[in-house]
S.K.: 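Take this structure first; my questions come after.
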Amino acid sequence: PLQGRGSGRGTKGFTLAEVLITLGVIGVVAAITMPILIHNIQKFTLKQQFKRTYNTLSNAVNKVYTDLEYRPSCSYGANESRSECKIFTKQFINNLNVVKKCTIPKKQGCIKYIRALMPDNSSSPGYTQNYIDNKNYTYILTDGSMIMLYDDGHEAPIYIIDTNGPKGPNKWGYDQYYFYIYNNKLACSNDTIDEGGTKCSDMVKNF
């Protein structure tokens with residue numbers, strides 16, 4: 001008959017203790033590597049969403065000039081005109097694939113959470129409330145991204161972007177950025193960034 005453990009002719013198995021130790025080691029390795037893996041996946045996903053949204057906006061800007069057959073005076077630092085910026089913005093929005101338009105963003109589900117533009121002002125409820133609930137519209141695009149027109153008192157508009165809409169993480173430098181028109185091209189600002197976020201300029205130069 002076959003003999004047990006220790007015999008050269010017998011079948012050799014694992015003891016319960018060996019199995020538990022092996023599972024424990026696997027658990028420890030998984031606990032260490034999974035957060036890193038999840039972080040890298042999230043970072044890659046946010047980068048791809050930024051690239052997609054940036055290309056969408058850039059193409060929309062370029063198409064404005066083609067459609068109008070001239071360049072409206074709507075660039076920062078170039079004697080921008082409010083009337084010209086209205087023309088530019090209207091055509092710009094027309095060039096986007098909009099699936100939802102919100103006149104009251106918070107109440108209509110277009111905005112889940114956005115802080116003020118400047119991090120040092122984020123603790124000011126009045127500023128944040130005015131920022132989110134101003135009279136400008138918010139648009140959800142077919143790719144799930146969100147664009148909000150922000151009026152900071154300048155003639156040329158600021159476009160607040162959330163690359164995945166109301167979904168998280170809803171942080172500046174992760175999925176939230178703001179753009180403006182400079183020298184008739186789409187430009188992004190590095191002024192606002194949450195801890196651990198990526199500068200808009202670094203996102204752009206990587207593709």
Side-chain angles (χ1 to χ4, degrees), residues 37-64 85 88-119 121-125 127-152 156-181 185-204 206-207:
L37 180 61
I38 292 173
H39 172 77
N40 289 338
I41 291 175
Q42 182 190 55
K43 187 174 182 180
F44 175 80
T45 300
L46 292 174
K47 180 179 178 181
Q48 293 303 113
Q49 290 172 338
F50 176 91
K51 182 177 181 179
R52 177 199 62 205
T53 303
Y54 181 83
N55 287 335
T56 296
L57 299 181
S58 295
N59 291 336
V61 169
N62 293 332
K63 194 171 185 300
V64 168
C85 284
F88 176 91
T89 298
K90 181 179 180 180
Q91 190 62 41
F92 173 70
I93 296 299
N94 286 340
N95 291 340
L96 299 175
N97 294 319
V98 176
V99 295
K100 185 177 182 180
K101 174 182 176 181
C102 294
T103 55
I104 309 176
K106 287 178 68 177
K107 291 183 179 180
Q108 295 173 302
C110 279
I111 294 178
K112 184 175 181 181
Y113 179 70
I114 293 184
R115 295 201 320 278
L117 278 175
M118 301 304 292
N121 288 329
S122 61
S123 61
S124 173
Y127 184 83
T128 304
Q129 185 75 10
N130 180 61
Y131 169 47
I132 292 177
D133 288 335
N134 61 21
K135 296 180 180 180
N136 294 313
Y137 298 143
T138 297
Y139 303 88
I140 301 293
L141 308 186
T142 53
D143 60 11
S145 60
M146 179 191 78
I147 176 170
M148 176 176 166
L149 308 182
Y150 173 64
D151 185 358
D152 67 343
I158 289 175
Y159 305 108
I160 301 165
I161 304 300
D162 192 309
T163 59
N164 57 7
K167 298 179 182 179
N170 297 318
K171 292 182 178 180
W172 294 104
Y174 289 81
D175 56 344
Q176 293 175 352
Y177 302 86
Y178 75 92
F179 296 85
Y180 55 96
I181 305 301
K185 294 182 180 180
L186 187 69
C188 58
S189 174
N190 293 323
D191 292 342
T192 305
I193 183 171
D194 282 306
E195 183 178 357
T198 304
K199 291 181 178 179
C200 189
S201 58
D202 290 338
M203 294 289 282
V204 171
N206 286 332
F207 59 85

S.K.: Listed by chain and number, what are the side-chain hydrogen bond (donor to acceptor under 3.5 Å, both in side chains) partners of D143, not counting sequence neighbours?
M.R.: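 D143: side-chain hydrogen bond (donor to acceptor under 3.5 Å, both in side chains) contacts with R52, S145.
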S.K.: Here's a test for you: under ring pair (Phe, Tyr, Trp, His ring centres under 6.0 Å), which of Y177, Y174, F44 qualifies with F50?
M.R.: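 The passing option is Y177.
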S.K.: First locate atom NZ of K101, then atom OG1 of T138, and finally report the distance between them rounded to the nearest 0.5 Å.
M.R.: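 Output value for this atom pair is 11.0 Å.
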S.K.: What distance separates L37 CG from I41 CD1, expressed to the nearest 0.5 Å?
M.R.: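 It comes to 4.0 Å.
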S.K.: Taking atom OH of Y137 and atom SG of C102, what is their separation to the nearest 0.5 Å?
M.R.: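 The SG atom of C102 is 11.5 Å from OH of Y137, to the nearest 0.5 Å.
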S.K.: Check whether any side-chain N or O of D194 sits under 3.5 Å from a backbone N or O of W172 as a donor-acceptor pair, and report yes or no.
M.R.: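 Yes: the side chain of D194 pairs with the backbone of W172.
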S.K.: Drop me the distance from N170's CG to N164's CG, to the nearest 0.5 angstrom.
M.R.: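 Going from the CG atom of N170 to the CG atom of N164 covers 7.0 Å.
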S.K.: Taking only residues two or more places apart in sequence, or in another chain, which ones meet K43 in a side-chain hydrogen bond (donor to acceptor under 3.5 Å, both in side chains)?
M.R.: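 K43: no side-chain hydrogen bond (donor to acceptor under 3.5 Å, both in side chains) contacts found.
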S.K.: Rounded to the nearest 0.5 Å, what separation is found between the CD atom of Q49 and the CG atom of D162?
M.R.: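 Reported value, rounded in 0.5 Å steps: 9.0 Å.
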S.K.: Grab the two heavy atoms, one from K47 and one from M203, that are nearest each other, plus how far apart they are.
M.R.: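 Here K47 and M203 meet closest at CA-CE, 3.7 Å.
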S.K.: Using side-chain contact (heavy atoms from CB on, under 4.5 Å), reason through L57 and L96 one step at a time and then give a plain yes or no.
M.R.: CA-CA 8 Å; L57 299 181; L96 299 175; 4.1 Å; yes
S.K.: Which heavy-atom pair separates P169 from L46 by the least distance, and what is that distance?
M.R.: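 For P169 and L46, the tightest heavy-atom pair comes out as CD-CD2, 4.2 Å.
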S.K.: Of the non-hydrogen atoms in G173 and I193, which two are nearest, and what is the gap between them?
M.R.: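 Residues G173 and I193, closest heavy atoms: CA-CG1, 4.2 Å.
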S.K.: As an exercise, state the distance from CG of L186 to OH of Y54, rounded to the nearest 0.5 Å.
M.R.: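 Reported to 0.5 Å precision, the distance equals 5.5 Å.
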S.K.: With sequence neighbours excluded, tell me which residues meet side-chain hydrogen bond (donor to acceptor under 3.5 Å, both in side chains) with S201.
M.R.: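 With neighbours one apart ignored, the set is N190.
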S.K.: Taking all non-hydrogen atoms of both residues into account, name the closest pair between A60 and F92 and its distance.
M.R.: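 In terms of heavy atoms, the two residues are closest at CB-CE1, 3.6 Å.
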S.K.: Who passes side-chain contact (heavy atoms from CB on, under 4.5 Å) against N94, sequence neighbours left out?
M.R.: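 Counting only residues at least two positions away or on another chain, N94 forms a side-chain contact (heavy atoms from CB on, under 4.5 Å) with K90, Q91.
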S.K.: If the condition is side-chain contact (heavy atoms from CB on, under 4.5 Å), which residues does T89 pass it with, not counting sequence neighbours?
M.R.: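 For T89, the residues satisfying side-chain contact (heavy atoms from CB on, under 4.5 Å) (neighbours in sequence not counted) are I93, L149, P157, Y159.
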S.K.: Between L141 and V98, is there a side-chain heavy-atom distance shorter than 4.5 Å?
M.R.: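 The answer is yes; the side chains approach within 4.5 Å.
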S.K.: Applying side-chain hydrogen bond (donor to acceptor under 3.5 Å, both in side chains), name anything that partners S189, two or more places apart in sequence or on another chain.
M.R.: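 S189 satisfies side-chain hydrogen bond (donor to acceptor under 3.5 Å, both in side chains) with Y178, D191 only.
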